[in-house]
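Only heavy atoms go into these numbers, but all of them, side chains included; no hydrogens, no water, no symmetry mates.
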Amino acid sequence: LPEAAAGGLAFSRDLGVEPRVSWYEKLGRWSDALAAYDRMSQSAEGGAAGGSIAVRLGSMRCLHALGEWRRLCQLASEAWLDPAL
């Protein structure tokens, strides 16, 4: 079943459909999802601040799943101190 889902993802890309980040998460492709969230964060207005709360939470989910605890702690600390959130 995961192979079929990955094939569906590749097929959608061939059709020119941009995959949603949630698709990567549901497939357990955490590195791809994190890369997508990083791109969203950089392209968001105020990219240096890390983007919206949804993007930050998505990045945190990915970092947790990947076991990247230091980056997760750093992102959580930045989010905690950001008065815009």
Side-chain angles (χ1 to χ4, degrees):
L1 189 60
E3 293 85 12
L9 187 62
F11 182 70
S12 69
R13 262 193 242 125
D14 291 343
L15 293 175
V17 176
E18 183 64 31
R20 295 183 182 175
V21 182
S22 63
W23 297 355
Y24 291 126
E25 288 187 50
K26 289 177 183 177
L27 291 172
R29 297 179 64 166
W30 298 106
S31 295
D32 293 333
L34 182 59
Y37 281 123
D38 287 343
R39 285 191 304 274
M40 290 169 64
S41 177
Q42 292 303 317
S43 67
E45 213 169 42
S52 73
I53 187 68
V55 172
R56 287 187 189 203
L57 288 174
S59 295
M60 288 179 185
R61 279 193 302 274
C62 294
L63 292 170
H64 179 267
L66 292 168
E68 295 193 26
W69 307 116
R70 288 184 185 180
R71 282 184 64 192
L72 177 60
C73 183
Q74 179 183 4
L75 187 58
S77 297
E78 291 169 3
W80 187 262
L81 297 174
D82 190 348
L85 300 175

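- We find the CZ-CH2 distance between R29 and W23 to be 12.5 Å, quoted to the nearest 0.5 Å.
- Between V21 and A36, the closest heavy-atom pair is CG2-CB, 3.6 Å.
- The structure places CZ of R61 at 12.0 Å from NE2 of H64, a figure rounded to the nearest 0.5 Å.
- Within the 4.5 Å cutoff, no side-chain heavy atoms of Y24 are placed close to those of C62.
- Between M60 and A76, the shortest heavy-atom distance links the atoms CE-CA, 3.5 Å.
- The distance from the CD atom of E68 to the CG atom of L34 is 6.5 Å, given to the nearest 0.5 Å.
- To the nearest 0.5 Å, atom SG of residue C73 and atom CG of residue L63 are 11.0 Å apart.
- Between S59 and L75, the closest heavy-atom pair is CB-CD2, 3.7 Å.
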